[in-house]
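Since the structure is predicted, the reported quantities are computational estimates derived from the model, not experimental observations.
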Amino acid sequence: MSTHHPTVLVVGAAGRFAGLVVPELVRRGATVRGLVRNQAAAAMARGRGAAEIAIGDLRDPESLDRALAGVDGVFHIGPAFAPDETGMGLNTVAAAKRAGVRTFVFSSVIQPTFTPLANHASKIPVEAALFASGLRYTILHPTNFMQNIGAAWPGVLAQGVFAEPFPKTARVARVDYRDVAEVAAIALTEDRLAYGSFDLCAEGMPNREDIVAIMSDVLGRPITAGEPSFADWAARASLPLDADQKRLLALVHGHYAAHGSGGNSLTLRALLGREPRSLRRYIEELAARA
Ligand SMILES: NC(=O)c1ccc[n+]([C@@H]2O[C@H](COP(=O)([O-])OP(=O)(O)OC[C@H]3O[C@@H](n4cnc5c(N)ncnc54)[C@H](OP(=O)(O)O)[C@@H]3O)[C@@H](O)[C@H]2O)c1
């Protein structure tokens with residue numbers, strides 16, 4: 001087995017976030033096998049650099065056994081707000097053990113022990129399974145993704161408003177998932193992150209007033225901070241979530257309203273050996289693309 005040029009199964013290789021891990025792995029000489037559910041997703045994963053495709057389902061352990069044959073490492077991310085997210089994670093850990101995989105990277109969430117949020121609590125059993133698995137694990141605890149702002153960007157340009165359904169004064173740490181992807185790829189191609197659990201946050205805890213100030217500066221026109229109700233915001237965002245999943249997402253925003261969401265950039269800076277990508281840089285890139 002080659003540790004530094006491993007074959008890595010990437011769960012969700014066609015997805016918005018795991019899809020960012022694929023090019024980082026390829027850049028480091030890994031061979032990526034993308035786990036996808038259908039041929040359309042296979043084409044997307046190949047477009048991101050996956051050399052191999054495994055059609056499989058996290059709910060189907062036999063398909064995971066096939067997908068993991070001959071694999072050195074696994075990147076796993078749980079589908080957001082899936083009611084059986086825990087079971088899918090446990091399936092992946094168990095299949096990785098059966099396959100004799102060496103390294104398992106789990107993209108979890110910041111503060112998984114904040115159990116009033118179901119999408120945090122659902123990650124705890126997966127982390128516990130890794131601790132007891134004998135696998136060489138690395139667990140990533142990313143905060144709120146800057147890419148959520150990217151999803152809202154067309155509306156920002158069209159309406160001149162950046163809206164999120166919690167107070168504009170609530171401070172929330174953010175991270176560019178490309179930095180998380182880079183850490184994941186380091187963990188899968190080098191030894192230095194083995195058996196670590198790492199909080200991953202960019203510098204600062206901006207509130208929405210800070211964010212629209214950056215947007216206004218970068219765009220050269222005023223952008224205001226919207227505070228819609230969750231229902232109005234969800235309707236406008238046309239989220240691919242059912243009613244129960246929306247309820248769980250609303251709890252996250254309720255948490256932000258009550259407490260904000262703290263995070264510290266020290267670990268990410270140390271892991272990358274450079275400054276984490278900043279929110280300003282992310283917004284500048286969005287503006288350059290428009
Ligand atoms: N958004 C944030 O700010 C934030 C912050 C911290 C942590 N997180 C965590 O990050 C994760 C984000 O998940 P996401 O869904 O939004 O990301 P995503 O990148 O869209 O990943 C979901 C991927 O999983 C695949 N998938 C779904 N069900 C599957 C199944 N049964 N079998 C195989 N593959 C399956 C999907 O493939 P298909 O294309 O086939 O559906 C998709 O590619 C969540 O665990 C969330 O808690 C999010």
Applying side-chain contact (heavy atoms from CB on, under 4.5 Å), run through L58 and N91 and close with a yes or a no. CA-CA 7 Å; L58 296 170; N91 282 348; 5.7 Å; no

Same apolar cluster (I L V M F W Y, side chains within < 4.5 Å links), [X]/[Y]:
{"X": "L140", "Y": "V172", "value": "no"}
{"X": "V36", "Y": "V10", "value": "no"}
{"X": "I214", "Y": "M146", "value": "yes"}
{"X": "V105", "Y": "L271", "value": "yes"}
{"X": "V126", "Y": "V109", "value": "no"}

Taking C-beta and beyond as the side chain, do [X] and [Y] meet within less than 4.5 Å on heavy atoms?
{"X": "L272", "Y": "V183", "answer": "yes"}
{"X": "K246", "Y": "F81", "answer": "no"}
{"X": "F75", "Y": "L35", "answer": "no"}
{"X": "R171", "Y": "D210", "answer": "yes"}
{"X": "R221", "Y": "L157", "answer": "yes"}
{"X": "R280", "Y": "D217", "answer": "yes"}
{"X": "P83", "Y": "Q245", "answer": "yes"}
{"X": "Q147", "Y": "D176", "answer": "yes"}

Measuring from [X]:[atom1] to [Y]:[atom2], what's the distance to the nearest 0.5 Å?
{"X": "Q111", "Y": "D199", "atom1": "CD", "atom2": "CG", "result": "7.5 Å"}
{"X": "R274", "Y": "R269", "atom1": "CZ", "atom2": "CZ", "result": "11.0 Å"}
{"X": "F162", "Y": "T224", "atom1": "CZ", "atom2": "OG1", "result": "11.5 Å"}
{"X": "L9", "Y": "L64", "atom1": "CG", "atom2": "CG", "result": "8.0 Å"}
{"X": "L249", "Y": "L241", "atom1": "CG", "atom2": "CG", "result": "6.5 Å"}
{"X": "S261", "Y": "H253", "atom1": "OG", "atom2": "NE2", "result": "10.5 Å"}

side-chain contact (heavy atoms from CB on, under 4.5 Å) evaluation trace for F230 with L251: CA-CA 10 Å; F230 181 83; L251 289 179; over 6 Å; no

Donor-acceptor check, side chain of [X] to backbone of [Y], threshold 3.5 angstrom: yes or no?
{"X": "R102", "Y": "L135", "answer": "no"}
{"X": "R208", "Y": "F166", "answer": "yes"}
{"X": "E227", "Y": "K168", "answer": "yes"}
{"X": "T143", "Y": "A173", "answer": "yes"}
{"X": "R33", "Y": "A54", "answer": "no"}
{"X": "N144", "Y": "R174", "answer": "no"}
{"X": "S122", "Y": "E85", "answer": "no"}

Using 30° and 60° as the class limits, which term best fits the ring planes of [X] and [Y]: parallel, tilted or perpendicular?
{"X": "Y195", "Y": "Y137", "answer": "perpendicular"}
{"X": "F106", "Y": "H76", "answer": "tilted"}
{"X": "F17", "Y": "Y177", "answer": "tilted"}
{"X": "F114", "Y": "H255", "answer": "tilted"}

Which of these, H120, K123, E127, sits in a side-chain hydrogen bond (donor to acceptor under 3.5 Å, both in side chains) with S108? E127

Shortest non-hydrogen contact between [X] and [Y], atoms and distance:
{"X": "A41", "Y": "A14", "value": "O-CB, 3.4 Å"}
{"X": "I223", "Y": "S216", "value": "N-OG, 2.9 Å"}
{"X": "S63", "Y": "G56", "value": "OG-CA, 3.6 Å"}
{"X": "V101", "Y": "G73", "value": "CG1-CA, 3.9 Å"}
{"X": "V252", "Y": "N119", "value": "CG2-OD1, 3.6 Å"}
{"X": "A202", "Y": "L268", "value": "N-CD2, 4.4 Å"}

More than 12 heavy atoms of other residues, nucleotides or ligands under 6.0 Å from NZ of K97: is that the case? no

Test side-chain contact (heavy atoms from CB on, under 4.5 Å) on I186 and R28; report intermediate values, then the result. CA-CA 8 Å; I186 292 168; R28 287 173 169 74; 3.8 Å; yes

Lys/Arg-Asp/Glu bridge criterion (N-O < 4.0 Å) met for [X], [Y]:
{"X": "R27", "Y": "E24", "value": "yes"}
{"X": "R37", "Y": "D60", "value": "no"}
{"X": "R178", "Y": "E285", "value": "yes"}

Candidate pair S278 and E203, rule side-chain contact (heavy atoms from CB on, under 4.5 Å), full reasoning: CA-CA 7 Å; S278 69; E203 181 66 29; over 6 Å; no

